[in-house]
Amino acid sequence: MKAAKRALSIIAVCAVLLACICVPASAISRPPYNGYTYNTYGQAVAAPVGYVPDKLYTHQDMGTTAFTSAGDMFIYNDMIFITDTGNNRIVVLDKNYKFVREYTQFVGDDGTVYKFSSPKGIYVRDDEIFVTNARMSTNEKGQEFANGDVLTGSLDGKFMRIFTLPEDATTEITHFEPLNVVVDNAGYVYVRAYGVLDGLIVYDYDGNFVTFYGANPVELTFQLVMEKMWKSIYAREAADQLLKAVPTEMSNIFVDDEGFIYTSTESTSVSESLRIRKLNAAGDNILTSDPNALVSTVFGDRQFSWDRGQGMTTRLVDVHVDESGIIAALDARLGRVFLYDQISSLLTVFGAQGDQFGAVEDAKAIGKMGENYVVLDAIDGSLTTYSPTDYMSKLIVADECYMTGEYIKGEPYWREVLMYDANNSRAYGAIGKSLLEQEKYGEALSYLKIGEDRTSYSKALAEYRTEFIRDNWMWLLPLVVVAVVGFVYLYKLIRKLLGLTNKKQRIKFK
């Protein structure tokens with residue numbers, strides 16, 4: 001008997017050791033960051049980690065030569081396109097992050113070679129590659145100026161189109177350095193260029209300038225108000241030296257599956273609620289805010305983070321939107337990724353800055369491959385992938401049901417979310433909405449109160465009162481009658497005890 005027990009113990013220990021060996025290191029190692037989110041009052045609170053580091057791919061893992069200042073990344077049909085700015089090339093990887101090919105130029109049908117020059121932005125649509133180039137030219141005075149372009153080519157490297165400096169006299173652009181490019185569903189090409197504050201430069205299919213689009217609004221500060229006042233007093237020469245109210249330059253652009261243009265802005269001079277924008281055809285921001293939020297929308301960190309003795313603020317350098325409408329904003333300051341839904345509610349925060357596994361030293365671009373997010377490090381061109389946790393998988397499904405108004409369908413997922421995070425106010429509010437639809441008004445009230453959903457709480461309370469009166473009128477009505485009669489009797493009794501009884505008086509006529 002003892003020998004049998006000893007044998008079973010040895011087998012159990014061996015099984016545990018074998019399981020530990022078989023589990024990947026990334027699965028059992030703790031990520032180099034803690035999960036957190038912001039509650040309805042804008043306060044940072046602890047939360048489960050939404051995404052954990054999965055793998056790190058260096059240029060050796062990819063099977064290519066070293067990168068020199070990676071500029072951008074775009075994922076298209078399970079292929080990853082990376083611009084290697086310092087080496088004037090585009091590197092293409094397959095879905096396994098292995099090297100497929102590289103481009104250094106496009107070649108026209110007539111044999112003309114269009115070489116890349118410090119390529120930065122990359123975009124692929126309908127098997128057409130768009131790449132921005134920062135070329136330099138010299139004018140008649142011997143002065144250098146930026147004279148870049150946007151080249152397009154097919155997947156087999158054949159030149160297709162070129163977009164150059166807009167020739168329209170109203171643009172007043174003398175230095176043209178395109179940085180990013182996207183194409184909408186109508187075929188219009190949008191280019192973000194360095195130093196152009198009028199918005200994105202829009203071209204038609206043939207490369208003709210159309211208009212400027214979606215400039216950041218001017219933030220009216222006290223300083224600008226004072227400058228405007230002084231400009232009305234000073235002479236023209238002196239007024240020209242004062243600060244000019246101009247829009248803030250964007251940091252990146254993205255187009256989703258529906259053709260909406262998203263922009264990110266890293267400057268602190270723009271409103272925190274406009275760091276991420278979703279633009280309609282007129283160039284107006286249509287990204288809404290959570291109606292239940294008690295504080296204004298802030299994209300990125302709400303609070304200062306102190307690191308290395310310096311005050312660190314959010315610096316959003318890229319934005320990505322997946323097929324579900326989830327917005328990923330990349331913060332290069334601390335290497336973090338902020339995920340939001342279409343009503344600007346923060347879902348999770350993950351990532352870190354550094355050289356340890358799971359952190360990125362200089363975050364440059366973000367994309368998504370399947371369920372995993374991919375972040376590009378500008379310094380060495382390495383890619384770090386992040387996979388969702390069980391908590392995040394439940395939260396994504398629950399939030400999707402919430403956004404489509406399927407509250408009852410999403411209730412079991414929100415309840416599972418609460419098992420991971422009992423402080424998730426969004427979950428309480430969503431469950432409350434589900435109970436409200438099921439006409440369980442009493443239960444809904446308690447959940448909606450915790451979830452800070454004032455509108456739904458008022459509706460549930462009104463329905464609860466109506467239901468209570470309807471179900472209990474048979475004894476409520478006699479109770480009301482008895483209460484009224486009792487009040488009248490008690491009123492008369494008190495007046496009698498206090499000697500306030502009205503005396504009858506006769507009117508005598510003389």
Side-chain angles (χ1 to χ4, degrees), residues 27 30-31 33-52 288-295 297-298 301-303 322 324-329 336-351 371-373 386-461 463-464:
R30 182 182 177 184
Y33 47 83
N34 296 319
Y36 73 96
T37 187
Y38 291 98
N39 60 20
T40 53
Y41 297 95
Q43 301 167 331
V45 293
V49 175
Y51 284 81
V52 295
T288 59
S289 300
D290 187 349
N292 296 320
L294 303 180
V295 292
T297 300
V298 172
D301 268 328
R302 288 181 174 270
Q303 303 167 357
D322 66 10
S324 300
I326 295 179
I327 304 168
R336 293 173 180 165
V337 178
F338 296 82
L339 293 190
Y340 302 89
D341 60 19
Q342 286 293 310
I343 57 174
S344 308
S345 293
L346 180 63
L347 300 178
T348 190
V349 184
F350 65 92
E371 294 184 341
N372 293 357
Y373 279 99
Y386 300 85
S387 58
T389 60
D390 291 337
Y391 160 75
M392 197 65 210
S393 298
K394 305 296 183 184
L395 181 58
I396 289 175
V397 177
D399 186 73
E400 185 175 353
C401 293
Y402 185 90
M403 295 302 299
T404 55
E406 300 175 289
Y407 304 123
I408 298 177
K409 179 181 177 181
E411 181 181 343
Y413 296 100
W414 284 115
R415 292 190 180 276
E416 290 189 71
V417 168
L418 285 179
M419 294 178 64
Y420 291 95
D421 182 12
N423 296 318
N424 192 311
S425 59
R426 183 80 175 281
Y428 288 103
I431 294 173
K433 284 179 176 289
S434 172
L435 294 171
L436 180 59
E437 280 196 359
Q438 299 174 62
E439 300 182 355
K440 299 177 181 179
Y441 305 120
E443 293 181 63
L445 286 173
S446 58
Y447 280 95
L448 292 171
K449 182 178 181 180
I450 300 175
E452 300 283 355
D453 190 337
R454 287 161 169 74
T455 302
S456 298
Y457 183 87
S458 298
K459 183 178 179 180
L461 183 60
E463 295 289 348
Y464 181 73

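Note: hydrogens, waters and symmetry copies are ignored here, and every other heavy atom, side chains too, is used.
Note that the CD1 atom of Ile450 and the CG atom of Asn424 stand 12.0 Å from one another [nearest 0.5 Å]. A distance of 6.5 Å separates CG in Asn292 from OG in Ser456, rounded to the nearest 0.5 Å. Rounding to the nearest 0.5 angstrom, the gap separating the OH atom in Tyr373 from the OH atom in Tyr386 is 13.0 Å. To the nearest 0.5 Å, atom CG of residue Leu346 and atom CD1 of residue Ile327 are 11.5 Å apart. In this structure, OH on Tyr441 lies 12.0 Å from CG on Leu461, to the nearest 0.5 angstrom. In this structure, Thr288 OG1 and Ile343 CD1 are separated by 6.5 Å, a value rounded to the nearest 0.5 Å.
When all heavy atoms of Pro31 and Val52 are compared, the closest pair comes out as CG-CG1, 4.3 Å. Nearest heavy atoms, Asn39 versus Val45: ND2-CG1, 3.8 Å. For Pro48 against Thr348, the heavy-atom pair with the smallest separation is O-OG1, 4.4 Å. Listed here is the closest heavy atom pair of Ala47 and Thr37: CB-CG2, 3.9 Å. Smallest separation of non-hydrogen atoms from Gly50 and Met392: O-CB, 3.1 Å. Of all the heavy atoms in Ser324 and Glu400, the pair that sits closest is OG-OE1, 4.3 Å.
Annotation: Glu371, atom CD; neighbour count of heavy atoms from other residues, nucleotides and ligands within 6.0 Å does not exceed 12.
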Check against side chain to side chain contact (heavy atoms under 4.5 Å, CB included), Glu416 and Tyr391: CA-CA 8 Å; Glu416 290 189 71; Tyr391 160 75; over 6 Å; no
query: Taking it one step at a time, do Gln438 and Glu443 satisfy side-chain hydrogen bond (donor to acceptor under 3.5 Å, both in side chains)?
result: CA-CA 10 Å; Gln438 299 174 62; Glu443 293 181 63; over 6 Å; no
task: Assess whether side chain to side chain contact (heavy atoms under 4.5 Å, CB included) is satisfied between Trp414 and Tyr402, documenting all intermediate values.
output: CA-CA 10 Å; Trp414 284 115; Tyr402 185 90; 4.1 Å; yes
- prompt: For Tyr420 and Asp390, what are the C-alpha separation, side-chain angles and deciding distance, and is it a side chain to side chain contact (heavy atoms under 4.5 Å, CB included)?
  reply: CA-CA 9 Å; Tyr420 291 95; Asp390 291 337; 3.4 Å; yes
- prompt: Between Ser387 and Asn372, does a side-chain hydrogen bond (donor to acceptor under 3.5 Å, both in side chains) hold up when you go through it step by step?
  reply: CA-CA 5 Å; Ser387 58; Asn372 293 357; 4.8 Å; no
- request: Apply the test side chain to side chain contact (heavy atoms under 4.5 Å, CB included) to residues Ile431 and Leu418: give CA-CA distance (whole Å), side-chain angles for both, the deciding distance (0.1 Å), then the verdict.
  value: CA-CA 10 Å; Ile431 294 173; Leu418 285 179; 3.6 Å; yes
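At distances below 3.5 Å, not a single donor-acceptor pair connects side-chain atoms of Thr297 with backbone N or O atoms of Ser344. Although no hydrogens or angles enter the test, the distance criterion places a donor-acceptor pair under 3.5 Å between the side chain of Thr389 and the main chain of Val49. Ser434 contributes no side-chain N or O that, together with a main-chain N or O of Ala430, makes up a donor-acceptor pair within less than 3.5 Å. The backbone N or O of Gly325 lies less than 3.5 Å from a partner atom in the side chain of Gln342, making a donor-acceptor pair. Looking only at distances, a side-chain donor or acceptor of Thr404 sits under 3.5 Å from a matching main-chain atom of Cys401.
In this structure, the ring of Tyr51 has its center less than 6.0 angstrom from the ring center of Phe350.
Considering only residues two or more places apart in sequence or on other chains, Tyr457 meets the ring pair (Phe, Tyr, Trp, His ring centres under 6.0 Å) condition with none of them. Residues satisfying the side-chain contact (heavy atoms from CB on, under 4.5 Å) test with Val295, not counting sequence neighbours, are Arg302.
Between Phe338 and Tyr340, the angle of the ring planes stays under 30°, which puts this pair in the parallel group of the 30/60° scheme.
A salt bridge links Arg454 to Glu452: at least one charged side-chain nitrogen sits closer than 4.0 Å to a carboxylate oxygen. Looking at Glu463 and Lys459, no side-chain N of the basic residue comes within less than 4.0 Å of a carboxylate O on the acidic one, giving no salt bridge. One finds a salt bridge joining Arg426 and Asp341 here, because a Lys/Arg side-chain nitrogen approaches an Asp/Glu carboxylate oxygen to under 4.0 Å.
For the pair Lys394 and Tyr413, the cation-pi test (distance below 6.0 Å, angle within 45°) is failed.
Using a 4.5 Å cut-off on side-chain heavy atoms (C-beta onward), Val337 and Val349 make no contact.
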